[in-house]
Amino acid sequence: MYGKDIDRKWQKVWDDEKIASFNKKNIDKKYYCLEMFSYPSGAKLHVGHWYNYGPVDTFARFKKMQGYEVFQPMGFDAFGLPAENYAIKTGIHPYDSTMKNIETMESQLKAMGAMFNWDAEVVTCKEDYYKWTQWLFLKLYEMGLAYRKKANVNWCPSCNTVLANEQVVEGLCERCSSVVTKKDLTQWFFKITDYAEELLDGLKELDWPEKTKKIQTNWIGKSTGSIATFKVDGKDLSFDVFTTRVDTICGVSYVVIAPEHEIVDKITTDEHKKEVEEYKEKCKIITEIDRLAEDREKTGVFTGSYAINPVTLEKVQIWIADYVLATYGTGCVMAVPAHDERDYIFANKYNLDIKQVIAPSDSSNINLDKEAYTESGILVNSGDFNGLTTDEAKKKITEYLKEKKLGDFKVTYRLRDWLVSRQRYWGAPIPIIYCDKCGVVPVPEKDLPVKLPYNVEFKPDGKSPLAKSEEFVNTTCPHCGGKAKRETDTLDTFVCSSWYQFRYPDNKNSEKIFDTEWIDKMLPVDKYVGGPEHAAMHLLYARFITKVLRDAGYTKVSEPFKSLVHQGLILGPDGNKMSKSKGNVISPDDYVDKYGSDVFRMYLMFGFSYVEGGPWSEEGVTAMVKYFGRLERLLDKMISLKDTNVDKISNNEKELLYIFNNLIKGINYDLEHMQFNTGIAKIMEITNAFYKYDQSVEDENKNTKLIKDTINKFIRIIAPFAPHFSEEMWNRAGNEVSVFNTEYPTCDNRWLEKDEIEIPVQINGNVKFVVTIPKDSENEQVEKIVLNDERLAGYLNGRSIKKVIVVRGKIVNIVVA
RNA sequence: GCGGGUAUGGCGGAAUUGGCAGACGCGCCGGACUUAGAAUCCGGUGUUUAACGACGUGAAGGUUCAAGUCCUUUUACCCGCACCA
């Protein structure tokens, strides 16, 4: 009986036979199948890992049997906060706990029996990997894409570290859910904004879920508009505003500047100084969560200065308000209360003018209803621009401003540069040295890696743990040889995972990050599968870094992941997300141990639509155990049939082969599209058809040659779904190792040829009966057969036929009065 | 608020291009085997009706010979973004 012993037996054989190895000679048939590597924070693999890796392994084995040279590596995203937090709690060093977890997880992954190429393994916290993460940083520095600046950054007071914008979720720390605050710190950034347009544009050609593309599109947030320069009245100062509604510029009744903007101090008049300073202070201490509060009232203060509208030359008040973001656009906006809801609320509260400049073009009633924010229409109260449509005006007014050197067309992105500094221990040290004489000095490539020291006090106190290690901090300047200090921040772990897909195929290269010529043959990844939670961060960063490596001349690849799939989420039996506190966590190990890896994997593939997931079902597992018994009994019986000398192919056999080949066609389609549930349903249908055949035909009347051939084919069909089980059956049927070195069966059309087909007959769209017609009948012929059918009159009840519609080979519909 | 998605039997879920709704499985009912049970094998199982039939894919309309599928309106839930000028 199938179980874990059979798993172990074949896992060992596969190991010896090196079934997962990659033969470089077949590079022209390469298929790079990649699952997102695991994060060894928890001690064990959970159901989610299995749901990612199991079905994708089925897909990879299918590809192998299709003749592709499959490269399916696995590794560990080993740096990061959870290991460090665990260390802080327990005192166990992150290196030790991580290595132990990796060991456990490796053995679990091996128990899964997935066709992972372990020779290609990467572990991001090992020196031979993070050396190249550091090298990558230096490359970006060299290219001007890594820079340092003082920034008002997101700060997690619990993790004691900076967070990237993407790691702040609804004002809370993504990892620990503490309320995120702001802090001014000098930090390292990657200039991802330089690639905003290409990152947006490149999405078009990708075979990715539309939703994921949409998330990235929103995240990049391209906005096309204009920039307009407002001079400060009575001072030799000016500032730019960004607007998408330059057509409303004649309706500007005040302008607003973000409180953090540097110009604020210069324009604030003495009598408003106190008020402005107080307001700025208030903004500083506000938390992200307060800032995001939906019903938060808009606040602001007048600076005392006035700005000159570049079109109307009117003087308008300059305010500061925190509803204007310093980090978007220019940090200054022109306010048009008549046509912007936010400005309207603000203007009403502080008694500022409201001037309508757009009238609806399509309606006769030009009412000045204050609640109606006209989106588009015809310009009014706008001097020379009156009568233009909004679109015309956007163009004309910007051109007018451009001529006067007071504005231009402008594209703005919401994407911010990527903050990569982390004040934590467990990460790759940033390879930078600070020298009093030479300033910022990158560590020379020959000195890499900058090793992460083992003995460090990593308890958090807001300072980087590395700053407390004298032996780490103190060094000599590579430039002048004088005393110098190292950068003590480490890199965001997303940097580590942004390039791992390049390292797998050349993971032992000690000379270079990877061999360009080889990598250009191996990349891009043909199929990438992982959770949808990485839609914005990891997947965007990896695309960015790929483009950087390309521009640095290290690869020709522009997009790392050609085709992407997100698996769904497996919930607890109660329908809730699995969590220890809810007590609804399913442990894969127990099931694998009890029933074998294939039962567990088959259950996961059969029970849900792959991209949807759903709640765990204990009955579903039992059902799969039963199915394996049914399948094994069938195969064992068929394999051991005594050979008969029957040469004739009976109708029963024709029917069986017809069903079999028809379903093979569907299974190939299902696998190609990762529709595992329907693929398995079809395997069950084949099983049922075999049972039916077996019951209908006496053993001595069976064409055993045909049946045994078909069974061999069937075992190969099942192989990717239940690899251990199938290898065992392949062996019992007297075949050589391994079933995975055989070709995946495709439909044999000879068995599908039929002289007659059945098509349904509808009356007014409702199916009434089925007629058998000769294959390839002409429509007139079909109509005749149907109209002559004796059953028809009974359904007509005397009604007259108005029309007969014949859809060739599909259906007949009779329209009656 | 904006953007995207989902909704199908008692349950998980099928239906690839508008063409037999409910594949496959669970559960339930029945039969065979058995002293009996378990296991196994076979059959039935959308609702309603005695039956013919009628109705049926969140709700309401529409297009079509034909709609789960296309269009309009709408409800619930999920996800993403959220003062982005």
Side-chain angles (χ1 to χ4, degrees), chain A residues 169-170 209-219 221-223 225-226 241-246 248 255-256 291-294 296 298 321-325 327-336 339-343 345-346 412-415 532-533 535-536 569 603 606-609 611-612 614-624 626-627 629-630 633 663 666 669-670 672-673 675 677-685 687-688 691-692 694-695 758-770 794-795 797 802-816:
Chain A
V169 179
E170 286 171 11
E210 286 306 315
K211 186 173 176 165
T212 307
K213 291 200 209 181
K214 195 86 196 172
I215 289 171
Q216 294 216 347
T217 303
N218 288 343
W219 201 268
K222 183 178 180 175
S223 174
S226 309
V241 303
F242 172 73
T243 178
T244 54
R245 293 301 307 273
V246 75
T248 64
V255 295
V256 194
R291 203 180 66 74
L292 289 168
E294 211 166 301
R296 194 167 150 247
K298 291 196 180 8
D322 68 354
Y323 82 87
V324 173
L325 309 173
T327 48
Y328 182 75
T330 60
C332 310
V333 305
M334 56 180 226
V336 188
H339 305 290
D340 183 282
E341 193 175 351
R342 295 157 298 181
D343 298 342
I345 294 167
F346 194 81
T412 299
Y413 300 91
R414 189 161 61 202
L415 186 69
E533 66 276 17
L569 187 66
Y603 162 67
F606 182 62
F608 319 87
S609 148
V611 297
E612 296 288 329
W616 176 267
S617 152
E618 204 61 43
E619 297 79 29
V621 182
T622 321
M624 195 48 78
K626 271 169 71 178
Y627 174 68
R630 181 171 162 84
R633 279 188 298 277
L663 290 169
Y669 180 95
D670 289 341
E672 199 66 60
H673 295 85
Q675 291 168 11
N677 54 345
T678 51
I680 292 172
K682 290 180 180 98
I683 287 176
M684 288 171 169
E685 282 188 75
T687 311
N688 294 344
Y691 266 97
K692 191 175 175 187
D694 185 45
Q695 308 262 317
E758 290 185 336
I759 60 166
V761 177
Q762 298 179 324
I763 291 175
N764 286 347
N766 295 319
V767 175
K768 297 297 173 190
F769 58 97
V770 174
Y795 291 108
N797 291 330
K802 286 180 73 179
K803 203 172 170 189
V804 180
I805 290 147
V806 181
V807 183
R808 217 189 152 98
K810 284 247 167 88
I811 206 161
V812 177
N813 191 14
I814 300 169
V815 188
V816 301

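We name chains A, B, ... by the order of the sequence lines, and we start the count at 1 in each one.
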Could you list all N or O pairs between the protein and nucleotides 31-34 of chain B that sit under 3.5 Å apart?
none

I'd like a table of atom pairs between the protein and nucleotides 61-65 of chain B - only N or O on both sides, under 3.5 Å - with the distance next to each one.
from: B:C65; atom 1: O2'; to: A:Asn813; atom 2: ND2; distance (Å): 2.9
from: B:C65; atom 1: O2; to: A:Asn813; atom 2: ND2; distance (Å): 2.8

(message) Checking A:Gln675 now: which residues fulfil side chain to side chain contact (heavy atoms under 4.5 Å, CB included) with it, not counting sequence neighbours?
(response) A:Tyr669, A:Asp670, A:His673, A:Asn677, A:Thr678
Could I get a table of every N or O pair under 3.5 Å where one atom is in the protein and the other is in nucleotides 43-46 of chain B?
none

(message) Going by the rule side chain to side chain contact (heavy atoms under 4.5 Å, CB included), which residues pair with A:Arg808 if we only count those two or more places apart in sequence or in a different chain?
(response) A:Asp776, A:Glu778, A:Asn779
Nucleotides 50-52 of chain B: which of its N/O atoms have a protein N/O under 3.5 Å away?
none

Identify the pairs formed between an N or O of the protein and an N or O of nucleotides 54-56 of chain B at a distance under 3.5 Å, and give each distance.
none

(request) Let me have a per-nucleotide readout for nucleotides 7-17 of chain B, 5' to 3', with B, S or -, counting only protein heavy atoms under 4.0 Å. (result) -----BSS-B-
(request) Any chance you could encode RNA chain B as dot-bracket? Rule is Watson-Crick or G-U wobble with both distances under 3.5 Å; [ ] for pairs crossing earlier ones, | for another strand. (result) (((((((..(((......[....)))((((((.......))))))(((....)))..(((((..]....))))))))))))....
(request) Please identify each residue that fulfils ring pair (Phe, Tyr, Trp, His ring centres under 6.0 Å) with A:Tyr603, with sequence neighbours left out. (result) A:Phe608, A:Trp616
(request) Identify, with sequence neighbours excluded, every residue that meets side chain to side chain contact (heavy atoms under 4.5 Å, CB included) alongside A:Asp694. (result) A:Lys637, A:Met638, A:Asp699, A:Lys702
(message) Please determine whether a side-chain nitrogen or oxygen atom of A:Tyr323 lies at a distance below 4.0 Å from atom OP1 or OP2 of B:A85.
(response) no
(request) Apply ring pair (Phe, Tyr, Trp, His ring centres under 6.0 Å) to A:Phe769 and list each qualifying residue two or more places apart in sequence or on a separate chain. (result) A:Tyr795
(message) Judged by each residue's nearest nucleotide on RNA chain B, which is more toward the 5′ side, A:Thr243 or A:Glu619?
(response) A:Glu619
